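In what follows, a structure is listed as structure tokens, so that the remarks can point back to it.
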Amino acid sequence: KEINDVISLSDKAKTVSTQLVEYESKIQELNIEENILNNLFQYISNNQNLAGLSVGSITFADPALAILIKSLHEQASQKEALLLDYTELHPEVKKFSQTIATLRRQIVASLKNNLKQLEQRKKSLNDLIYKYQKSIETLPKQERELTRLTRHFSVNEKVYSYLLEKRAETAILKSSTISNARILDIALNFSKPIKPKRVLIVLVGLILGVIVGL
């Protein structure tokens, strides 16, 4: 502003700049959400054990997707708990396996649909951005450059605030879900059972038998 002697933007430049900041910030947020959805898709596609799957503080465009992922996580956790006592052939375990398979298919279909919708929304926003950028070209050169710089600053500021907010939410979630329990001693693995002590039982039985007999 000092070098080019530009005091302030015109009303038209301010209006266009405000709209562009809003649309470009939204595209950045959609890109972040798209990356998260792609990571979830890769995780579900490449892992059989889904007990560790969680959505955390993510806000999805489709609330049903978050519900499906939460349900899948619960079903996978319950199955893992059952497998401590039973095998995969147990009826209850097989029931959870079928439910998990159904939820997995629904989540994959929902992820694909959400990714497609994100692409459509990004395309619509890019069309609007192109339209407003065309209108900027009619402004004087110095004002046009100031609009560009101001817009980029505002977009980065909004995205930075968004990321800080998500980082804080993730930190809160991490502190509330991760257990503070730790292993003090590794469990001992004996080759022979500790109890019952068969030799002692036999000796005591023989002694009592002799005493009672006498």
Side-chain angles (χ1 to χ4, degrees), residues 1-46 53-73 104-174 176-177:
K1 283 182 179 181
E2 289 177 354
I3 294 173
N4 294 281
D5 194 25
V6 179
I7 304 302
S8 62
L9 295 173
S10 64
D11 292 339
K12 178 182 178 180
K14 287 181 180 178
T15 302
V16 172
S17 179
T18 301
Q19 292 297 323
L20 284 173
V21 166
E22 181 181 348
Y23 295 145
E24 289 176 344
S25 300
K26 191 62 181 176
I27 283 182
Q28 293 297 328
E29 292 177 12
L30 291 177
N31 285 333
I32 294 171
E33 186 173 340
E34 186 178 28
N35 288 333
I36 293 170
L37 292 178
N38 281 320
N39 287 335
L40 284 173
F41 184 80
Q42 292 296 325
Y43 184 90
I44 293 175
S45 300
N46 300 330
L53 183 65
S54 177
V55 295
S57 61
I58 304 168
T59 303
F60 293 105
D62 182 9
L65 178 59
I67 295 172
L68 284 172
I69 293 176
K70 184 178 179 181
S71 179
L72 177 63
H73 178 250
R104 184 196 291 266
R105 289 192 297 269
Q106 292 175 348
I107 289 173
V108 169
S110 182
L111 283 171
K112 290 180 179 178
N113 184 52
N114 273 264
L115 287 170
K116 185 177 179 181
Q117 289 181 2
L118 284 177
E119 283 298 324
Q120 293 174 346
R121 290 169 63 189
K122 285 168 62 177
K123 184 179 181 302
S124 299
L125 289 171
N126 281 321
D127 290 341
L128 289 170
I129 289 172
Y130 178 77
K131 172 187 172 183
Y132 279 102
Q133 284 177 339
K134 280 292 182 183
S135 66
I136 286 180
E137 294 179 0
T138 61
L139 298 173
K141 181 180 178 181
Q142 290 180 344
E143 194 172 11
R144 187 167 64 242
E145 181 64 12
L146 178 58
T147 303
R148 184 184 68 81
L149 294 172
T150 305
R151 188 175 81 250
H152 288 174
F153 170 79
S154 299
V155 169
N156 289 333
E157 186 179 34
K158 289 188 72 173
V159 173
Y160 182 68
S161 298
Y162 174 81
L163 292 173
L164 284 178
E165 180 184 350
K166 291 302 174 184
R167 186 177 69 174
E169 291 176 359
T170 304
I172 293 171
L173 181 70
K174 181 179 178 181
S176 63
T177 56

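Heads up: numbering here begins at 1 and tracks the sequence. Quick caveat: nothing in here was measured; it's all calculated off a predicted structure.
Salt-bridge formation is not detected for the pair D127/K131: no Lys NZ or Arg NE/NH1/NH2 atom is positioned less than 4.0 Å from an Asp or Glu carboxylate oxygen.
I27 CD1 to L118 CG: the interatomic distance, rounded to the nearest 0.5 Å, is 11.5 Å. Considering CG of N31 and CG of N38, their distance stands at 10.5 Å, rounded to 0.5 Å. With values rounded to the nearest 0.5 angstrom, E24 atom CD is found 9.5 Å from N156 atom CG. Separation of atoms CG (L68) and NE2 (H73) is listed at 14.5 Å; rounding is to 0.5 Å. Separation of atoms CD1 (I107) and CG (N114) is listed at 11.5 Å; rounding is to 0.5 Å. Distance CD1/I129 to NZ/K26: 12.5 Å, rounded to 0.5 Å.
Counting only heavy atoms from C-beta outward, the side chains of K112 and F41 approach each other to under 4.5 Å. Proximity of K166 to Y162: side-chain heavy atoms (C-beta onward) are separated by under 4.5 Å at one or more points. Annotation: side chain of K158 is not in contact with side chain of V155 (no heavy-atom distance under 4.5 Å).
Partners of K116 under the salt bridge (Lys or Arg N to Asp or Glu O under 4.0 Å) rule, at least two apart in sequence or in another chain, do not exist in this structure. Under the rule for a side-chain contact (heavy atoms from CB on, under 4.5 Å), the partners of E165 that lie at least two apart in sequence or sit in another chain are E169. Judged as a side-chain contact (heavy atoms from CB on, under 4.5 Å), and not counting sequence neighbours, the contacts of E22 are Q19. Residues satisfying the side-chain contact (heavy atoms from CB on, under 4.5 Å) test with S161, not counting sequence neighbours, are none. Taking L163 as the reference, I32, V159 meet the side-chain contact (heavy atoms from CB on, under 4.5 Å) condition, with sequence neighbours excluded. With sequence neighbours excluded, the residues forming a salt bridge (Lys or Arg N to Asp or Glu O under 4.0 Å) with K122 are E34, E119, listed by chain and number.
Looking only at distances, a side-chain donor or acceptor of R104 sits under 3.5 Å from a matching main-chain atom of I44. For S110 (side chain) and Q106 (main-chain N/O), no donor-acceptor pair under 3.5 Å exists by modelled atom type.
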CA sep, side-chain torsions, deciding dist, call: S124, L128, side chain to side chain contact (heavy atoms under 4.5 Å, CB included): CA-CA 6 Å; S124 299; L128 289 170; 5.7 Å; no

